[in-house]
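Contents: one structure, followed by commentary.
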Amino acid sequence: MSEYTMSGALNRALRAALDDDPRVLVFGEDVGRSGGVFWVTAELQAAFGDRRVFDTPISEAGIVGAAVGLCFAGWRPVVELQFDAFSYPALEQIVDHVAKMRMRVRGRVDLPITIRIPSFGGIKGKEHHGESPETYYAHTAGLKVVTPSSALDAYRLLRLAIADPDPVIVLEPKSRYWSKESGELSTDGPGIGQARVLRDGDDVTLVAYGAMVARTLDAAAVLSEGGVSTRVVDLRSLAPIDEELLARCARETGRMVVVHEAPRSLGVGAEVAARVMELAFDHLQAPVGRVTGWDVPYPPASLEQHYLPSVERICEAAQAAVSY
Amino acid sequence: VSHDPETASGTDPVRILSPDGEPVGDPDVGLAVDELRSILRWMIVARRLDRECIALQRQGELTVYPGFEGQEAAQIGSAWALGREDFVWPTFRELAAAMVRGVDAVQYLQYHRGTWHGGPYDPRATRFGPICIPIATQLPHAAGYALGQKLDGTDVVTLAYFGDGSTSEGDFHEAANLAGVWRLPLVLFCQNNGWAISVPTAGQTAGAIWRRAEGYGFPGVRIDGNDVLAVYAATRDAVARARRGEGPTLIEAMTYRIGAHSTADDAGRYRDEAEVEAARRTDPIERFRTWLVGSGGADDAFVAACDAEADAFAMEVREGVIATPPPPAEWMFDWLYAAPAASFERQRDEALG
């Protein structure tokens, strides 16, 4: 059994995809010679050549638009947009074309594009380097959006994203790139569209994704020590969302709290709460709670701890649900 | 600010036939007389169909329709220069080029009938990409497609159409830059028709569009886009250059949008009729017809036969368009995903009952 960082596991996923399918291309800003600002593409150009792994000009719309054209030519592009906020210049290409193209051509061309975006905060980064763009993408019909929380699941989700016949946005939690997990790299296990239960419990379900999963597990440990049996769900897939598992957890625990670092309003938490209300209303014993970032731009490094959900805030919300 | 294709930004376009059909260059561009006759026939058919489409819109059979009258030479001359396997990425105004490439007009017009978005025709079989409304966004697609061909080592050339207004968009710059850096087998074909809805070219750019190529590291050329022989020759040269692996070319074809931007627009609000009348005197069909008949390549009987054929074709397309029923509601859901989620399928069932 080996130990992997998330960055290393993602690198292994790209390596395996390039090995398995000669039509896979990996490109983006600084992904070739330097191996990416988070080393996710390290050594891939040396291994696979600069025709399959290559640097691009600083040109996000061009990168994503070129990926669309490459699909018409039968390629399977895996592109990196270097940081969350730097994906916005490509938004028109993603929303107008990546998401809609298969439908526009009545399925005559598949769009198996994987768009990797290092995302979310928690690294004391500069502005535009800590955003949570998931709602923009998850709200766009035609896209699938996933976000891993651990090294082994990052490997699995990226492999599944590349193999998927539809466009998949992979939001990689950059604060977790150097987190480690031991085990075998495998694509077996939950697929795109499926959440997973990381910790079982009966009193309350905490739902999180991306970097917030680790913090939510910390909160669950604290809560359990205090006698609250806490279940933790890693959502993994934001579009499609695993409403069956959410409804089951709501029925079984009666209480649910959603944790994300994106701003609260119109965030994923709102969708989780709505689905649970639609599917398991009679089983709920408390309103679905939301522990989120505030409805403000992501703050400077020195204010980060006031913005991100903390273990304390998560525990308070869980306690409030339990004692409702 | 007004538009004058003769003098815009101070560079005379390359021209073979003068506006009155006199050769000012060598009219032997390597096309057999049968091909020259076919080109004239297509131009006549395309204009007749364009006018029929405007009538169909007025009668409620099409939704908004963007006419291309005046741009027949630019579209047909350029499309004629492509090989069978070459691939075109259009805007929303290239019905004439589409037909030359073999796209069925009735299928194409499903777009404007409001039956389907994008590509109602098969873009892979026709080598003609989906209709593209967001300005200049087809250009990165073309660059990517050209990159794909280069990586595969084929000799397929990609040609992308765009207008003068498109060159103000970032996607034009990004695609041209990628094409230059990667030396892509791509022809960037600008139809400078003088107007982007209500804004003349001078309100889009202070420089000459063809000159921008230099900044991207490849050749640019300005041609008379109403001279079908000049359009064909310039595109043929650019295609050959791309096929030899020598990279992209930017062609700026100076033409004129005789009609409004679309049927939803009244050009009289922003454009002098005198300018349109002047542009009519540079008409691409009349110019080419005058030369072809004068040089013995066709006679008046051939032109009359083309006119009759154009009428019949327009009626045939009209009937085909009108006969097309609205699509079934499930088309809203079909094809969006190759691998749809169960929750998506449930919503589909909810919608369709």
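Just so you know, these numbers use all the heavy atoms, side chains as well, and skip hydrogens, waters and symmetry mates. Note on naming: letters A, B, ... go to the chains in the order of the sequence lines (proteins, then strands), and numbering restarts at 1 for each one. Here the structure is a predicted model, which means the values were calculated and not measured.
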- In terms of heavy-atom proximity below 4.5 Å to chain A, should B/Asp334 be classed as side chain, backbone, both, or neither? backbone
- Contact class of A/Thr56 relative to chain B, heavy atoms under 4.5 angstrom: both
- Message: Is the distance from the ring center of B/Phe92 to that of B/His112 below 6.0 Å?
- Response: no
- Task: If a pair satisfies side-chain hydrogen bond (donor to acceptor under 3.5 Å, both in side chains) and one of its residues is in residues 135-147 of chain B, list it, with sequence neighbours excluded.
- Result: A/Gln93-B/His141, A/His97-B/Thr137, B/Arg127-B/Tyr145, B/Tyr145-B/Gln149
- Most heavy-atom pairs under 4.5 angstrom with chain A, which of B/Tyr111, B/Tyr121, B/Phe344? B/Tyr121
- Query: Going by distance alone, is a donor N or O of one side chain under 3.5 Å from an acceptor N or O of the other, for A/Arg275 and B/Ser343?
  - Reply: no
- Task: Over all heavy atoms of both residues, which pair between A/Ala247 and A/Leu279 is shortest? Give the atoms and the distance, please.
- Result: CB-CB, 3.8 Å
- Item | When B/Ile131, B/Val181, B/Leu151 are compared by non-hydrogen pairs under 4.5 Å with chain A, the top option | B/Leu151
- From the list A/Ile169, A/Leu158, A/Asp164, A/Val170, side chain to side chain contact (heavy atoms under 4.5 Å, CB included) partner of A/Val146 resolves to A/Val170
Between side-chain atoms of residues 136-143 of chain A and protein atoms elsewhere (two or more places apart, or another chain), which donor-acceptor pairs fall under 3.5 Å?
| from | atom 1 | to | atom 2 | distance (Å) |
| --- | --- | --- | --- | --- |
| A/Tyr137 | OH | A/Ser87 | OG | 2.6 |
| A/Thr140 | OG1 | A/Tyr136 | O | 2.9 |

- Note on the structure: Under 4.5 Å to a heavy atom of chain A? For B/Ala175 that would be neither
- Just give me the residue among B/Asp122, B/Asp171, B/Leu147 that pairs up with chain A most often, heavy atom to heavy atom, under 4.5 Å. B/Asp122
- Going by an N to O cut-off under 4.0 Å, is there a salt bridge joining B/Arg346 and B/Glu350? no
- Note on the structure: Interface check, chain B: of A/Arg108, A/Arg106, A/Arg52, A/Arg102, most non-hydrogen pairs under 4.5 Å belong to A/Arg106
- Which residue out of B/Pro123, B/Ala341, B/Ala143 racks up the most heavy-atom pairs below 4.5 Å with chain A? B/Pro123
- Task: For chain B, find its close neighbours in residues 61-71 of chain A: heavy-atom separation under 4.5 Å, sorted by number, or none.
- Result: A/Ala61, A/Gly62, A/Gly65, A/Ala66, A/Val68, A/Gly69, A/Leu70, A/Cys71
- Message: Is the ring pair A/Phe27/A/Phe54 parallel, tilted or perpendicular, if the boundaries are 30 and 60 degrees?
- Response: parallel
- Query: Looking at A/Glu92, A/Arg104, A/Lys100, which has the largest count of heavy-atom pairs under 4.5 Å with chain B?
  - Reply: A/Arg104
- Message: Under a 3.5 Å threshold, yes or no: a donor from one side chain and an acceptor from the other, between A/His283 and A/Arg248?
- Response: no
- Query: Among A/Arg159, A/Arg15, A/Arg76, which residue meets the salt bridge (Lys or Arg N to Asp or Glu O under 4.0 Å) test with A/Asp21?
  - Reply: A/Arg76
Side-chain donor-acceptor pairs under 3.5 Å in residues 320-330 of chain B, sequence neighbours left out?
| from | atom 1 | to | atom 2 | distance (Å) |
| --- | --- | --- | --- | --- |
| B/Thr324 | OG1 | B/Gln110 | NE2 | 3.2 |
| B/Thr324 | OG1 | B/Gly320 | O | 2.8 |
| B/Thr324 | OG1 | B/Val321 | O | 3.2 |

- Task: Check each atom of B/Trp331 against the heavy atoms of chain A and say whether the ones under 4.5 Å are side chain, backbone, both or neither.
- Result: both
- Parallel under 30°, tilted from 30 to 60°, perpendicular over 60°: which one fits the rings of B/Phe87 and B/Trp89? tilted
- Bottom line for A/Glu244: the part with an atom under 4.5 Å from chain B's heavy atoms is side chain
- Report the option among B/Leu178, B/Thr154, B/Ile133, B/Leu336 that has the most heavy-atom pairs separated by less than 4.5 Å from atoms of chain A. B/Leu336
- Note on the structure: Applying a strict 4.5 Å limit to non-hydrogen atoms, the region of B/Leu139 in contact with chain A is neither
